[in-house]
There are 2 protein chains.
Amino acid sequence: MDAFAALADPVRRALLVALAAGPARVADLAASHPISRPAVSRHLRVLAEAGLVAATDAGRERHYRLQRPGLAPVTDWLEALGPPDGGPRVTAAHLDALDLEVRRTTRDRRTTGADGADDRADDRAGETA
Amino acid sequence: MDAFAALADPVRRALLVALAAGPARVADLAASHPISRPAVSRHLRVLAEAGLVAATDAGRERHYRLQRPGLAPVTDWLEALGPPDGGPRVTAAHLDALDLEVRRTTRDRRTTGADGADDRADDRAGETA
DNA sequence: GCTATTGGTAACAGGTCAGTTACTAATCTG
DNA sequence: CAGATTAGTAACTGACCTGTTACCAATAGC
């Protein structure tokens, strides 16, 4: 089952959200969802086939964790279709160019004693890390 | 049917891709896809319910067009789950701040006679329009 | 007004998917 | 070793979804 079909089921989306907070066992996921454990087990198998989760055996337990790269087919398709609201569409190259400009600007203004406009460049640097 | 379930069907995704190139009639979409016209008609109804397409009556014809904002529930959910690869995550506010910096930089360099580095700020302005 | 074209609906058949209960395999614990 | 816990599988049922053909309504063109 592909990633699109895997995301179509609300139970599977809920499982992914739960796993986004960190790895979990099958019993834990079944306890926090209104379906039986075999149903959870099968949903997890579907998600694993789609590359959205991965399992690690630990004795008799099995720890499932989210695999965010598995969402790439969906995100890629969505972005190929175009932005949902004509919002900003920026590539890493754009950011690099802008980053260069901003660093030069702030340095120039410091040396020339410009006004105290806030230095937002650090925001991006932090988020892209 | 919600947007997630609507995107689960490959035929519906193909219809959306076709509509991304511009509005189309039902007959046109049916002709370019290996399913009957009633099937296309029902797929379009599903997509309309999900807010992914909209129709405009034009005489006996009906022009369907893509509604990109309908994808918002999906994109929002995906981005709430976290970035697939830790890529750049930039908001419009960041871009505005950067844009301000860049415009000031280029102006300063013009007045001070700097090198001929290209003016990338216009790129962003065009893409966000 | 008659015919052709466009689009939606109805009814039906086929297949798939989600859920359950019952059972089995493997591992930890006393 | 015996019992308990964890996880997966098998078999089954019920619902839903997708596709088809046949039919109906509305509009354009002669």
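Because the structure is predicted, anything quoted here is derived from the model rather than measured. Chain letters run A, B, ... following the sequence lines, proteins first, then strands; residues in each count from 1.
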Report yes if some heavy atom in the side chain of A/L47 is under 4.5 Å from a heavy atom in the side chain of A/L19; otherwise report no.
no
May I ask you to test the A/L29-A/L44 pair for a side-chain heavy-atom distance under 4.5 Å?
yes
Over-ring placement of B/R13 relative to A/F4, 6.0 Å and 45° cut-offs
yes
Distance from B/S41 atom OG to B/I35 atom CD1, nearest 0.5 Å?
10.0 Å
Atom-pair distance (CZ on B/F4; C1' on D/dC17), nearest Å:
19 Å
Under a 4.5 Å cut-off applied to non-hydrogen side-chain atoms, are A/R62 and A/R25 in contact?
no
Mind calculating the distance between NE2 (B/H63) and C1' (C/dT5) to the nearest angstrom?
13 Å
Answer yes if the side chains of B/R65 and B/T56 hold a donor-acceptor pair under 3.5 Å, and no otherwise.
yes
Within the 4.5 Å heavy-atom criterion, are B/V26 and B/R37 side-chain neighbours or not?
yes
With a 4.5 Å heavy-atom cut-off, do A/D9 and A/V46 have their side chains touching?
no
Distance in angstrom units between A/R45 CZ and D/dA10 C1', rounded:
11 Å
Short side-chain to backbone donor-acceptor contact, B/R12 and B/L7, under 3.5 Å:
no
Could you pull out the protein-nucleic contacts involving nucleotides 18-28 of chain D (nitrogen or oxygen on both sides, under 3.5 Å)?
| residue | atom | partner | partner atom | Å |
| --- | --- | --- | --- | --- |
| D/dT18 | OP1 | B/D9 | OD2 | 3.4 |
| D/dT18 | OP1 | B/R12 | NH1 | 2.9 |
| D/dT18 | OP1 | B/R12 | NH2 | 2.7 |
| D/dG19 | OP2 | B/H43 | NE2 | 2.3 |
| D/dG19 | N7 | B/R42 | NH2 | 2.4 |
| D/dG19 | O6 | B/R42 | NH2 | 2.8 |
| D/dT20 | OP2 | B/S36 | N | 2.8 |
| D/dT20 | OP2 | B/S36 | OG | 2.4 |

Just to be sure I understand the geometry, which residues of residues 15-28 of chain A put a non-hydrogen atom under 4.0 Å away from DNA chain D?
A/R25, A/V26, A/A27
Between B/Y64 and C/dG8, is there a contact of a side-chain N or O with OP1 or OP2 at under 4.0 Å?
yes
Rounded interatomic separation in angstrom, taking CG from A/D57 and P from C/dA25:
18 Å
Rounded to 10°, the angle between the first-five-pair and last-five-pair axes of the helix from C/dG1-D/dC30 to C/dG30-D/dC1 is 20°
Tell me, do B/L16 and A/W77 make a side-chain contact under 4.5 Å, heavy atoms counted?
yes
Do A/H43 and A/R45 have side chains that get closer than 4.5 Å, going by heavy atoms?
no
